[in-house]
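Single-structure report; data block below.
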Amino acid sequence: MKSSRHPDLTADCTSCAALCCVVFAFDRSESFGVDKAAGEVCPNLDSCGRCGIFNDRSRLGFSGCIAYDCHGAGQRVTQEVFHGTSWRDNPGLTTRMGEALSVLRQIHEKLLLLTAAETLPLDHGERQTLSVLQFRLAPDEDWTEARLKEFPLADISRQVSLFLTGLRRHFTAQD
């Protein structure tokens, strides 16, 4: 994992508790081969916590699994927030881990956008705003369940959106 200021935004399924295979609901469709309720273990998950159809997901109708990316939030929830304990150890954690994943995944998505913005020729004020937003999304302290529940996601999402919208000038054609 990178520093907390720039956490690793790459999924590491080996360090996760297969949260995406448990906490999310999906309906049988062109993206998913079966119906599955939120909190229900995917029938393709084996007893070791690995996808039993991993190499055949597309052929078997699970392209939604291929398209999904937690951006590293799954392993952080499992390892940082719940200290390696999972729904397998305590089924009562399923909902709590799902709630934490929902918030942290959105935080990681915003961090991905801000990381992309770092490559732009930002002025001093924009760089300061970027730094403040990154710090709010990746503070020095580890995430905890309580901190994620209290995190003002709607407010920070609005701030990130406004900031990114303000960068539009970097993409307009110069005459």
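In what follows, every heavy atom counts, from backbone to side chain, and hydrogens, waters and symmetry copies are set aside.
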Residue list, salt bridge (Lys or Arg N to Asp or Glu O under 4.0 Å) with D123, at least two apart or on another chain: R169
With R59 via salt bridge (Lys or Arg N to Asp or Glu O under 4.0 Å) - residues at least two apart: D56
State the [atom1]-[atom2] distance between [X] and [Y], to the nearest 0.5 angstrom.
X   : Y   : atom1 : atom2 : answer
L60 : F54 : CG    : CZ    : 13.0 Å
L19 : C70 : CG    : SG    : 8.0 Å
T78 : W87 : OG1   : CH2   : 10.5 Å
F62 : C42 : CZ    : SG    : 5.5 Å

Pairs touching residues 138-170 that satisfy ring-ring contact (aromatic ring centres under 6.0 Å, His included), sequence neighbours left out: W143-F151
CA sep, side-chain torsions, deciding dist, call: I156, L137, side-chain contact (heavy atoms from CB on, under 4.5 Å): CA-CA 8 Å; I156 192 74; L137 292 163; 3.9 Å; yes
Of all pairs that satisfy side chain to side chain donor-acceptor pair (under 3.5 Å), the ones with a partner from residues 22-46, not counting sequence neighbours: none
Are side-chain heavy atoms of [X] and [Y] found at a separation under 4.5 Å?
X    : Y    : answer
T94  : V22  : yes
V34  : P43  : yes
Q79  : H83  : no
Q159 : L133 : yes

Hydrophobic cluster membership, V41 vs I53, 4.5 Å side-chain cutoff: no
Hydrophobic cluster identity match, V160 and F171, side-chain contacts under 4.5 Å: yes
Selection residues 151-164 - residue pairs positive for salt bridge (Lys or Arg N to Asp or Glu O under 4.0 Å), sequence neighbours left out: R136-D155, D155-R158
Residue pairs passing the salt bridge (Lys or Arg N to Asp or Glu O under 4.0 Å) test where at least one lies in residues 87-96, sequence neighbours excluded: R96-E145
Counterpart residues, ring-ring contact (aromatic ring centres under 6.0 Å, His included), relative to Y68 (two or more places apart): F24
Set of residues satisfying ring-ring contact (aromatic ring centres under 6.0 Å, His included) with respect to F26, sequence neighbours excluded: F32
Taking every non-hydrogen atom, the tightest pair across [X] and [Y]:
X    : Y    : value
P7   : A138 : CD-CB, 3.9 Å
A100 : L148 : CB-CD1, 3.8 Å
A17  : M97  : CB-CE, 4.5 Å
A38  : A25  : N-CB, 3.4 Å

Sequence-distant partners of [X], side chain to side chain donor-acceptor pair (under 3.5 Å), two or more places apart:
X    : value
R127 : none
T10  : D8
T14  : D12

Worked check of side-chain contact (heavy atoms from CB on, under 4.5 Å) between R147 and T144: CA-CA 5 Å; R147 288 187 65 227; T144 64; 3.2 Å; yes
Pairs of donor and acceptor atoms involving the side chains of residues 105-122, under 3.5 Å and at least two apart or interchain, shall be tabulated with distances.
unit_1: R105; atom_1: NE; unit_2: D69; atom_2: O; d: 2.9
unit_1: R105; atom_1: NH1; unit_2: E109; atom_2: OE2; d: 3.3
unit_1: R105; atom_1: NH2; unit_2: D69; atom_2: O; d: 3.0
unit_1: R105; atom_1: NH2; unit_2: E109; atom_2: OE2; d: 3.4
unit_1: Q106; atom_1: NE2; unit_2: S102; atom_2: O; d: 3.2
unit_1: H108; atom_1: ND1; unit_2: H71; atom_2: O; d: 2.5
unit_1: H108; atom_1: NE2; unit_2: R76; atom_2: NH1; d: 2.9
unit_1: T115; atom_1: OG1; unit_2: L111; atom_2: O; d: 2.8
unit_1: E118; atom_1: OE2; unit_2: Q134; atom_2: NE2; d: 2.9
unit_1: T119; atom_1: OG1; unit_2: A116; atom_2: O; d: 2.7

